[in-house]
Each structure stands twice: as C-alpha cells, then as structure tokens.
Amino acid sequence: MNPKVLVFGEDVGRKGGVHLVTEGLQRKFGDQRVFDTSLSEEGIIGRAVGMAIAGLMPVAEIQFRKYADPAAEQLNNCGTLRWRTNNRFAAPIVVRMPGGFGKDVGDPWHSLSDEVRFVHAYGWQVAMPSNSADAVGLLRAAMRGANPTIFFEHRSLLMTGDGSARYPGDDYVLPFGCARIVTPGDGITVVTWGAMVHRCIEAAARFGTRVELIDLRTVAPWDKACVLESVRKTGRCLVVHEDNLTAGFGAEISATLAQHAFWELDAPIERLAPRDIPVAYHEDLLAALMPNVDGIAARIEAVLRA
Amino acid sequence: MAAPKTSKNPSLSAVQPNPPLRWREIVRTTLTSRALDDLEEATNKSRANVPREHLILYQFSARGHEVAQAILAELINHRHDGVSAYYRNRPLLLGLGLTIEDGLASPLGRSGGFSDGRDIGVVCNLPNANGPIVLPMSGDVGSQFTPCAGWAQAITYHREVLGEQDYAGAIGVVLGGDASVATNGFWSSLTMATTLKLPMLFYIEDNGLGISVRGDLQTPGSDISANLASFGNLLVRSGDGTDPGESATLLAECVAHVRSGQGPSLVRLTVPRMCSHSGPDNQRGYRTDAEIAADTARDPLPKLKEHVVPAFLSVAEWTALEKEVARDVGIALAGHGHGQLRSPTPLGSSCLPTTRWVWRKRTAACPVPSARHSMGPMRRQQAASCCDLPRPSSVHWRVNSR
C-alpha cells in the first residue's frame, strides 16, 4: 500500500461516507490517512491541491456532484495548474464525485449528472464507470496517472450489484480513453456511459445482433477511434446520456462523427437525453425525464428504419 | 552602530528572529522590487510611447508593500516551508530567490519565467526544489488560502505518518490583502487551520482597498485582526507594516509560534497602496488627492533606510546597494531587449510551445503501474510528443517577444 495516499471528505471517516464507499477504511488505515473534513468543498479541493504539490496522493470525495459548486474555483485552477506554470507544477489529484439519479429517487440537489461541465474544463480527465470492475480499474489508473481526475460514481450503481459487488483483483488497471464494446452488432452503434449503459443493454437485447453497444467508460479522454470504427461499420449512431441534451457530450460525439464519418452514415445521428430539465424527485416525474428502456428501444428502432 | 528605532506597539513581544535578520538582504529585496515597479509602471500598456520591446501588458505594482514582505522572506527559511501568495507578492519571491531576469521576463510575456508567457507577470510561482517553495499563484483572490492549508496539513502528515523528521518546524504561509478576508477561501482555510491546529501563518497586508472598495465592506471596522480576537487556536497580531522594526518583531513572534507547533497565527500589517490597483486602473477615479497623498507619505522605504542606517548599514553601503540593484535591473532589462528574444518557433507551426502541458500525455496505451508516488513540484519533463521540443536552458530564449 502506498502510504502517501490519503482519503478525505465529508463523512468519509467514522461513517465511511454517506454512500459507504469508504466504510471501514479509517479503522484499517487510521484517522490521519482517512479523515472527515469541515463542510467546505473549496477546502476539500484546495487542501488536495496543496497536498499533491507537497508530494502526497490525495483522493478527495465530494459528497454529491452538486456540492462541488463551491469548489469550482479550486477545481478550475487545479486543471490549469500544469499548463499555466509551464510544467513547473502539477497536482494530479483524484476527486470522487457521486451523482446521477438514485435507485428510486431523484432531486435537483443530489442527482446531477452534468459530466460535460468537467469535460469542458481544462486539464481534467473524467471517468464515468458503469460497473464495479471498471471502477476499480479506472480508479487505479487515475491514482497512478499524471493528470487530475474527476471520478464520477453513479448513485444508482452504488446501490446495485453491478456498481458495488465485483472486485476484479489487485492488478486490474483500465486505461483512460479505451471504450468497451458491450455487445457487437451490425445495424446501429449505440454510444453511452455510466448508468445509461444498463438501460441500453436491456433495450439492445430486443434487437438481436443489430445493435453494437459501446460503453465509453471515460469521457475525457474519449475513445473516438472505437466509436468511429463502429459507426463506419454500422452506418448509424444513437448517443444516449443522462446529462442535458443541449451541449451534452452527445453533441461532441455527433460533431466528431459528422466531421469524420459523414460519408459512411446511412441515417442522421440521433441523441437521446433529458431535455434540459432539472432532475425531479417523484419517481414518476423522474421516469418521465430520464431515457428509459422503452424510449431507447423506440429510438433505436427509428434510426434503424431511417 | 546605533540601535535601530523601536516601535511603540504595546503588543510587541520580546521574540527576536533567530538567526538574526539579514537587513542587507531585506534592503536589497526592497530596492529591487521598487526598481522593477518603477520600470514597469513607466512601461505598462496604458502609457503612451512605450518601447514595444518593453511593453508590460498587464501591470501590477507592490509599491508600499515591499518592506514587510522582504522581512517575511527572511523568516521563511525552512526547506519545507510552503508559501501561497497573490499578485502583489513579488517582493516576497525576490526575497526567496526569484531572479531579476525571471521577474522581468514574465511581465514582458517572454518564454521561460513562471509560465512561459502564459500568465500575468506577477502571478508567480517558485519551485525551489531544495528550499522554501512558492505554490503557483492564481489570479482569483481568495483561492490562495486552501492550498496553503493543504500544504500545512501535508507537513504534519510527512512528519507524523511518514516519519520524515526533516519536516519538523516547517510551516505554510499564506498571504492576502484586506479584501481577501471576505472570500470563501479565507474562511475555509481558517477553519481548517484552527480546528486541526495546522502549522500555518496568515499574513494579511491591509492597504484599505480592494481595487476601489473600502475595507469596511470586507470586515467590520476594516480590521480582521480585531474581529478574530476571540477565534480559537489562533495567535493574532496586528501592526504597522511600514515600520520595519515593528514588522520584524511581529512576524518573528508569529513565525516562531507556528514553527513551535502551537497552531496557526494571523498577522495583519497595515501598508499604503502607493499606486493604482493595476495598469489599467486609475485610482484618481475613486480616491481623493488627500487620500493618495496620505498613502504616499507612508512610504516604507524611507523608514527602512532610517531603520537600518546606521544601525546595520552605513550610508555608503546603502548607496552602494542602490547602485548594485540599478545595475542588475539594467543588465536584466538589456538581456530582454529587442532583437535577442525572438521566437525560434516558426510562425504557423502546429507545435507552438503554448499548446504543451495542458495534459501530461500518456506514453502507452495503458498506464503502467508506476513507482511515482511522490508528485512534488514537477521539474522539466522529457519530450513526449512533437510539441515537446527540447528547450534551451538560457534565459534569453524567449518566445513571446513582441
């Protein structure tokens, strides 16, 4: 174990985190390595930056994505730190940040999934794993990497076996920017990440081998080569994500495909995402806003027929 | 030699710097800072008829703030001390080893220096691998505080968890102006430092203005030290930052307190702002002539001379230092002169150096498990792409000569 790794954030110590991701770590590693912080997200991230420059490997937790708002200044400054000092300094911290809708509930405060905000920020790499094995491999890569990382943990996955049960072993490392082809197919490429992967798997199953489903795993960097190769093969593409439709990451993927795979397309590129509406609390309202299995299947069907 | 002038501040303790302050170096730092400000105020973009090769695009002066910072620099002398500062703190950096060449190169936007021409000239940093480090400044006021608390907590971690005893006595020092005490970062770091009893010194230089906004909108009564009098786990001191003796005594006491492990300290020193906020700013739009004159009359430089001559330096030595500094600044300026600083990068090249270092690029498809557990200040890296061209070591290689 690397003794320079520290884990900290609100409630991560004695309680083990409100998502119980750090449960038992303080008992095992002591309260100087795994500790609670004051309720100041700016303090959590700024502390991590100072510690990283001092030679430590901080893994900070922001309890919910929305709570990173007060830390925006420190996050942005961390991302530009290597560039603006011409590589004299760097602070490759890891920021774990749960977000997205819960298993049966949403709300405007704890359920944000606006990953594109961090993709747009300078200097950050952004992971959005869809399962626990990927999470282990990507977290390990992030901690060993030289760039700061937003490690987005989806709340609904933290509450399921997919999100928390499988441990792939101590040597498992996944590189950033390497997507996974979840199911191979020849009629349409469906690109997604995070919790939407599971809904897309269920929807794709209705189409036999027609759907090539790609889990990006990381959105900064993202695996352009994998997506382009797939779309050049299938000629059709649907991007599904939980972030806003407008200027969501699907827009970036679509623009890339339009530029580099235009002549291989047999149908317009489609995106399926919430229509720029905050996440709602009641499960019926939440279900109406989020892409669901039936909606994804219907859009796949439409693109296949186009 | 005669004894230096003593202060009338009743809160002064008997703590004296150990080792004794090197007043010659304090004078040199102050004079150098003042000379650079003289030069830059005369060549900033807002002035007419500035030689293009000496154009300062975005100029900030530390005029009036230098003496106390120069004294503080003398007290930051532990190898693992870490400083987090802001744009009016170049005097401190000059005292910690910043060369005049780099101090000039960055405002001129040349390559090398703090940022290779990427950042404002007074938004500094100083890696100092074997000495006190100055963390990268940020241009947004208040953001300097919490990284310093992180540095201070790391000192404790290095010593207590990793068993690195050479961290004993090291401190984090954060500098801010009177307006910075209104920021989230100030209060966040104050909470961290005091609840955890971190080895951290808050140095607040109070010039009464945040650009044009008076201090009474930043903290009641314009005095953060008075308002923090009852704050737990915090040694608070306040005094006249234009009085060298008083500044030295207060700073020595606060630094000694923090180094001893008794917890954080905050010192507020009042200083004059003898200039507009920045090059584009015109203080006559929001200050009266009388207010400006009052600050000019509080210039700490004559007070420094009065303090050290003849107690520590003779008149001849002071004069010699003035000439030495003028010579060194002149040499540095000539080195940055027209014709020597052209970019070796062809115009239109896709390998502009400015594209480097947003990322540290991966060198393989999969990151190899690495023994790199100590990040530290990053030194020059090996070339990793076509854009990572080897750079000459000479300070005269400047890409952004205008």
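Here the structure is a predicted model, which is why all the values come from computation and not from measurement. Below, chain A is the first sequence line, B the second, and so on; all start at residue 1.
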Novice: Need one label for A:Phe35: side chain, backbone, both or neither, based on atoms under 4.5 Å from any heavy atom in chain B.
Specialist: side chain

Novice: What closest approach, in Å, do B:Gly142 and A:Glu73 show between heavy atoms, and which atom pair accounts for it?
Specialist: C-OE1, 4.4 Å

Novice: Please classify the contact between A:Leu39 and chain B as side chain, backbone, both or neither, with a heavy-atom cut-off of under 4.5 Å.
Specialist: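 When you check distances to chain B, no heavy atom of A:Leu39 falls under 4.5 Å.
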
Novice: Under 3.5 Å, which donor-acceptor pairs do the side chains of residues 117-124 of chain A form with other protein atoms, sequence neighbours left out?
Specialist:
residue	atom	partner	partner atom	Å
A:Arg117	NE	A:Asp114	OD2	2.7
A:Arg117	NH2	A:Asp114	OD2	3.1
A:Trp124	NE1	A:Leu75	O	2.9

Novice: For B:Arg118 and A:Asn86, which heavy atoms make the closest approach, and how far apart are they?
Specialist: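 That would be NH2-OD1, 3.2 Å.
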
Novice: Looking just at side-chain N and O atoms, do A:Gln74 and B:Thr146 make a donor-acceptor pair shorter than 3.5 Å?
Specialist: yes

Novice: Ignoring hydrogens, what is the shortest heavy-atom contact between A:Arg84 and B:Ser115? Give both atom names and the distance.
Specialist: O-CB, 2.9 Å

Novice: Can a donor-acceptor pair be found, under 3.5 Å and without considering hydrogens, that links the side chain of A:Arg47 to the backbone of B:Trp151?
Specialist: no

Novice: Donor-acceptor pair, A:Asn147 side chain versus B:Trp359 backbone, under 3.5 Å?
Specialist: no

Novice: Out of A:Gly50, A:Ala48, A:Gly43, which one racks up the most heavy-atom pairs below 4.5 Å with chain B?
Specialist: A:Gly50

Novice: Can you find a heavy atom in the side chain of B:Asn184 that is under 4.5 Å from one in the side chain of A:Pro70?
Specialist: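 With C-beta onward as the side chain, the pair stays apart.
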
Novice: Answer whether the closest heavy-atom distance between the side chains of B:His158 and A:Leu56 falls below 4.5 Å.
Specialist: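 A side-chain contact exists here, since the closest heavy-atom pair is under 4.5 Å.
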
Novice: Using a distance-only test with no angle check, is there a side-chain donor-acceptor pair under 3.5 angstrom linking A:Asn77 and B:Ser138?
Specialist: yes

Novice: Quick one: are A:Asn87 and B:Arg356 in side-chain contact, heavy atoms under 4.5 Å?
Specialist: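 No, every pair of side-chain atoms sits at 4.5 Å or beyond.
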
Novice: Which pairs with one or both residues in residues 21-34 of chain A pass side chain to side chain donor-acceptor pair (under 3.5 Å), sequence neighbours excluded?
Specialist: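 The answer is A:Gln32-B:Glu160, A:Arg33-B:Tyr157.
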
